[in-house]
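Below is one structure; the comments refer to it alone.
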2 protein chains.
Amino acid sequence: MNKKIKTILKEDARVKVSGSLWLESDGKHFFGPGPVELLERIAETGSISEAAKQMQMSYKKAWELVNALNMQTKNPVVIPRTGGEKGGGSIITEEAKALINYHREMRKRFTKFLEEETQRLKI
Amino acid sequence: MNKKIKTILKEDARVKVSGSLWLESDGKHFFGPGPVELLERIAETGSISEAAKQMQMSYKKAWELVNALNMQTKNPVVIPRTGGEKGGGSIITEEAKALINYHREMRKRFTKFLEEETQRLKI
DNA sequence: CTCCGTTATATATTTAAAAATATAACGATA
DNA sequence: TATCGTTATATTTTTAAATATATAACGGAG
């Protein structure tokens with residue numbers, strides 16, 4: 001019989017089980033917490049560059065995240081519009097909203113999983 | 001009602017839910033797949049440096065992983081011995097074996113979680 | 001008491017990732 | 001048609017991470 005974990009770890013250590021979760025295709029991550037937040041901010045601001053700025057992310061990286069997402073979906077999740085009164089902007093589609101919502105639900109289940117695992121550590 | 005995910009993603013994309021899992025204390029990761037494999041190889045080879053070489057990891061990083069682990073446990077998981085016939089070596093303790101075993105079990109549950117989530121994508 | 005290969009540690013170098021910078025196209029508006 | 005800020009893209013620079021290199025201590029075996 002193995003020792004229990006809580007008898008092994010230092011008592012004062014506030015240890016928890018943590019992790020991250022994403023969607024991947026062909027081994028490449030294309031959807032996770034970062035893209036979700038980015039989509040939300042694009043929806044709010046109507047601009048990829050402004051969303052990126054809010055997240056202290058380079059425009060390039062933001063664009064790459066958006067692009068990677070668009071590559072995995074039948075219809076784009078972000079529709080860009082260049083030129084015009086404000087120089088341009090971007091809107092997110094219903095598909096993007098569905099992805100955001102899906103991620104929220106999945107995240108809830110993952111959080112529950114992590115909490116259960118953390119609890120198990122202490123038994 | 002939101003669109004279903006499988007109607008959004010490209011049909012040919014072999015998408016799956018993936019993730020990673022670790023133990024952290026004070027926000028610092030100290031136990032995950034890397035350290036587990038390292039411990040196993042130290043057990044096999046009796047040497048941190050040999051284990052590191054097998055994993056194509058620098059000795060420094062290997063030592064840091066071992067050290068970070070030892071810092072979180074009451075008793076060390078790896079006991080080093082310097083000098084001697086082979087110049088030295090390291091053995092892992094019962095505590096290390098328990099950690100390895102614990103990780104295996106946790107990993108099983110996580111794999112199940114990921115499979116369920118991947119399945120859910122396709123509904 | 002010399003020789004090993006390993007641990008332990010510091011320092012230097014390399015590499016890869018990220019960010020910063022630069023530039024052109026775009027189109028509504030004034 | 002000149003202006004504006006954004007998208008899109010390439011190129012350069014910066015930063016951080018990882019690796020490589022160097023060095024000393026160690027102790028059993030020959």
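A note on names: the letters A, B, ... follow the listed sequences, proteins ahead of strands, and every chain is numbered from 1.
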Quick one, [X] and [Y] - any side-chain contact, counting heavy atoms below 4.5 Å?
| X | Y | result |
| --- | --- | --- |
| A:D26 | B:R14 | yes |
| A:V78 | A:L39 | yes |
| B:S47 | B:Y59 | no |
| A:K61 | A:W63 | no |
| A:N75 | B:I8 | no |

Protein-nucleotide distance ([X], atom [atom1]; [N], atom [atom2]), rounded to Å:
| X | N | atom1 | atom2 | answer |
| --- | --- | --- | --- | --- |
| B:I91 | C:dT6 | CD1 | C1' | 15 Å |
| B:L65 | D:dA17 | CG | P | 15 Å |
| B:K61 | C:dT9 | NZ | C1' | 18 Å |
| B:E64 | D:dA17 | CD | C1' | 11 Å |
| B:Q56 | C:dT15 | CD | C1' | 16 Å |
| B:K53 | D:dA20 | NZ | P | 12 Å |
| B:W63 | D:dA22 | CH2 | P | 21 Å |
| A:I79 | D:dT6 | CD1 | P | 19 Å |

Next on the checklist: With salt bridge (charged side-chain N to carboxylate O under 4.0 Å, His left out) as the criterion, how do B:K74 and A:E11 come out once you've worked through the C-alpha distance, each side chain's angles and the decisive distance to 0.1 Å?
Outcome noted: CA-CA 8 Å; B:K74 292 178 199 162; A:E11 282 150 8; 3.4 Å; yes
Checklist entry - Looking at the side chain of B:S58, which of D:dT19, C:dA19, D:dA8 is the nearest nucleotide? => result D:dT19
Next on the checklist: Of the options D:dA8, C:dT7, D:dT7, whose atoms approach the side-chain atoms of A:S90 most closely?
Outcome noted: D:dT7
Item to check | Pairs involving residues 30-52 of chain B, ordered by first then second residue, that meet ring-ring contact (aromatic ring centres under 6.0 Å, His included) (sequence neighbours left out) | outcome: B:F31-B:H103
Are any protein N/O atoms closer than 3.5 Å to N/O atoms in nucleotides 26-30 of chain C? If there are, list each pair with its distance.
| unit_1 | atom_1 | unit_2 | atom_2 | d |
| --- | --- | --- | --- | --- |
| C:dC26 | O2 | A:T82 | OG1 | 3.0 |
| C:dC26 | O2 | A:G83 | N | 2.9 |
| C:dG27 | O4' | A:G84 | N | 3.4 |
| C:dG27 | N2 | A:G84 | O | 2.7 |
| C:dG27 | N3 | A:G84 | N | 2.8 |

Item to check | Listed once per pair and sorted, the side-chain hydrogen bond (donor to acceptor under 3.5 Å, both in side chains) pairs that draw on residues 79-92 of chain A, sequence neighbours left out | outcome: none
Checklist entry - Residues in ring pair (Phe, Tyr, Trp, His ring centres under 6.0 Å) with A:F113, at least two apart? => result B:F110, B:F113
Checklist entry - Knowing that exactly one of B:N70, B:I100, B:I42 qualifies, which makes a side-chain contact (heavy atoms from CB on, under 4.5 Å) with B:V77? => result B:N70
Would you tabulate the pairs of protein nitrogen or oxygen atoms and nucleotide nitrogen or oxygen atoms of nucleotides 11-13 of chain C closer than 3.5 angstrom?
| unit_1 | atom_1 | unit_2 | atom_2 | d |
| --- | --- | --- | --- | --- |
| C:dT11 | O4 | B:K60 | NZ | 3.2 |

Checklist entry - Is A:R41 salt-bridged to A:E37, cutoff N-O under 4.0 Å? => result yes
Checklist outcome for this item: What residues 27-52 of chain B contributes to the DNA chain D interface at heavy-atom separation below 4.0 Å is none
